[in-house]
Amino acid sequence: MKNYTLITGASGGIGWELARQFAAGGHSLILVARSERRLLERKAALQNEYGIDVEILPQDLTLTGAAQKVYDCIVSRGWTVDILVNNAGFGDFVSFIDADWQRQEDMVTLNVTALMQLTHCFARSMREQGGGRILNVASLAAVAPGPYMATYYATKAFVLSFSEAMSEELAEYGITVTALCPGPTESNFEAAANLKSGNLFSALPVERAETVAHRGYKATMKGRAVRYCGITVCVMSFLSRLTPRWLNRKATKRINGKPKGEKV
């Protein structure tokens, strides 16, 4: 029976680079993202470059029940997933009270609920299979409150905490859970999160998505519980545990900056 690595948000950014890393490692892939056209392009590129099997599942994971649909589809097709990569997610650089509510709700659904449900479904299958690996993409945002990106930072704090808890719970079944915590990364995240007017990508070093994905892949295969990416991220995560919460939130507010055009 062929085993697959399932990657969400696989059409671009870190998700695409993770797909390339797993493909280079000889893993057959199931790619999930909203755009069928982009997925077909990525499928062709991976098959041509690495000669692996690639399946695609176009799905918008912000929709209610979408994660369950992905799992049900995979089961109905007889595919076995032994590695799950929960990468799909997005942010929004905006004052919370001025934010579009639907976008905030969709962020929680994608960054938290879909990740939880896919983990719940596939971890059960992995337990029956005798083991597996799960990679959840968190962020440096997980280690501190994030003014003007409050919901995003909170969702990533959840991902980190949840992943660490799962790494302990699931260890007895031979399932490893890894949380990947990158800082600012070259991808479409900056534009999609409206961060062009903020300070984050100028205040901190920006890493290549390929570098972040390589670290995530290696950490997953080694079964590491948490992988911080880069010296700056490691130092900031360490300092966040030593400094008081009020100082953390003040520092993060300064790093993020204030969205232009905010109401006074």
Side-chain angles (χ1 to χ4, degrees), residues 1-10 14-33 39 42-43 46-47 50-57 59 61 65-89 110-138 158-181 212-228:
M1 183 181 296
K2 182 183 297 181
N3 292 334
Y4 287 91
T5 294
L6 170 64
I7 304 175
T8 67
I14 295 173
W16 164 240
E17 294 299 339
L18 281 166
R20 294 184 66 227
Q21 290 290 327
F22 279 97
H27 300 261
S28 298
L29 302 177
I30 302 171
L31 307 181
V32 178
L39 286 175
R42 296 310 195 189
K43 174 179 178 176
L46 290 168
Q47 288 178 329
Y50 300 103
I52 59 163
D53 290 331
V54 181
E55 305 290 349
I56 64 169
L57 288 177
Q59 183 63 254
L61 290 173
Q68 184 67 50
K69 288 180 181 179
V70 168
Y71 177 75
D72 291 342
C73 180
I74 287 171
V75 171
S76 69
R77 297 184 185 186
W79 298 338
T80 300
V81 171
D82 65 342
I83 301 177
L84 168 65
V85 179
N86 284 308
N87 165 76
L110 181 60
N111 296 8
V112 174
T113 307
L115 179 147
M116 281 178 61
Q117 188 161 22
L118 289 172
T119 299
H120 187 260
C121 291
F122 285 104
R124 287 185 165 192
S125 295
M126 289 175 187
R127 180 174 60 181
E128 295 176 2
Q129 294 158 202
R133 302 179 189 276
I134 299 172
L135 171 62
N136 293 327
V137 178
F158 173 88
V159 172
L160 177 57
S161 178
F162 176 74
S163 299
E164 289 191 89
M166 289 300 98
S167 72
E168 295 297 325
E169 281 193 30
L170 301 178
E172 65 180 287
Y173 306 117
I175 303 170
T176 65
V177 181
T178 301
L180 178 65
C181 297
V212 171
H214 179 71
R215 290 170 176 160
Y217 174 72
K218 290 294 186 182
T220 302
M221 301 314 293
K222 290 179 180 178
R224 291 182 58 172
V226 182
R227 179 60 162 99
Y228 296 103

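Keep in mind it's a predicted model, so treat the numbers as computed, not measured.
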Do any side-chain atoms of residues 68-77 form donor-acceptor pairs under 3.5 angstrom with protein atoms, and if so which ones, sequence neighbours left out?
residue	atom	partner	partner atom	Å
Gln68	OE1	Gln117	NE2	3.1
Gln68	NE2	Asp72	OD1	2.9
Tyr71	OH	Ser125	OG	2.8
Ser76	OG	Asp72	O	3.3
Ser76	OG	Cys73	O	2.7

For residues 160-173, dump all side-chain donor-acceptor pairs below 3.5 Å to protein atoms at least two apart in sequence or in another chain.
residue	atom	partner	partner atom	Å
Ser163	OG	Asn136	ND2	2.9
Ser163	OG	Val159	O	2.6
Ser167	OG	Glu164	O	2.6

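Residues passing the side-chain contact (heavy atoms from CB on, under 4.5 Å) test with Ala10 are Ile7, Leu31, sequence neighbours excluded. Scored by the side chain to side chain donor-acceptor pair (under 3.5 Å) test, Asn111 finds Thr155 as partners (sequence neighbours excluded). With sequence neighbours left out, Thr176 forms a side chain to side chain donor-acceptor pair (under 3.5 Å) with no residue at all.
Gly132 approaches Met126 most closely through the heavy-atom pair CA-SD, 3.8 Å. Among all heavy-atom pairs drawn from Ala114 and Ala67, the shortest one is O-CB, 4.0 Å. Scanning both residues, Gln47 and Ile52, for their nearest heavy atoms gives CG-O, 3.3 Å.
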Checklist entry - Passes side-chain contact (heavy atoms from CB on, under 4.5 Å), Leu84 versus Thr119? Steps please. => result CA-CA 8 Å; Leu84 168 65; Thr119 299; 4.2 Å; yes
Next on the checklist: Is there a side-chain contact (heavy atoms from CB on, under 4.5 Å) between Leu29 and Tyr4? Walk through the geometry before answering.
Outcome noted: CA-CA 5 Å; Leu29 302 177; Tyr4 287 91; 5.7 Å; no
Next on the checklist: Under the criterion side-chain contact (heavy atoms from CB on, under 4.5 Å), I'd like the reasoning laid out for Arg133 against Val177: C-alpha separation, chi angles, the key distance, then a yes or no.
Outcome noted: CA-CA 6 Å; Arg133 302 179 189 276; Val177 181; over 6 Å; no
Next on the checklist: Between Phe22 and Glu17, is the side-chain contact (heavy atoms from CB on, under 4.5 Å) condition met? List the steps.
Outcome noted: CA-CA 9 Å; Phe22 279 97; Glu17 294 299 339; over 6 Å; no
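The main-chain N or O of Trp16 is never found under 3.5 Å from a side-chain atom of Arg42 such that the two would form a donor-acceptor pair. Under the 3.5 Å distance criterion, the side-chain polar atoms of Asn87 are left unmatched by any main-chain donor or acceptor of Val137.
Residues in residues 212-228 take part in these side chain to side chain donor-acceptor pair (under 3.5 Å) pairs, two or more places apart or across chains: Gln21-His214, His27-Tyr217, Glu207-Arg215.
Between Leu6 and Ile83 there is no side-chain heavy-atom pair separated by less than 4.5 Å.
Remark: of the listed residues Asn86, Thr8, Leu61, Leu61 is the sole one forming a side chain to side chain contact (heavy atoms under 4.5 Å, CB included) with Leu110.
Note that CG of Asp82 and OG of Ser28 are 9.5 Å apart. Values are rounded to the nearest 0.5 Å. From Leu135, atom CG reaches atom CG of Leu18 across 6.0 Å, with rounding to the nearest 0.5 Å. Within the model, atoms CD1 of Ile30 and CG of Leu39 stand 12.0 Å from one another, a figure rounded to the nearest 0.5 Å.
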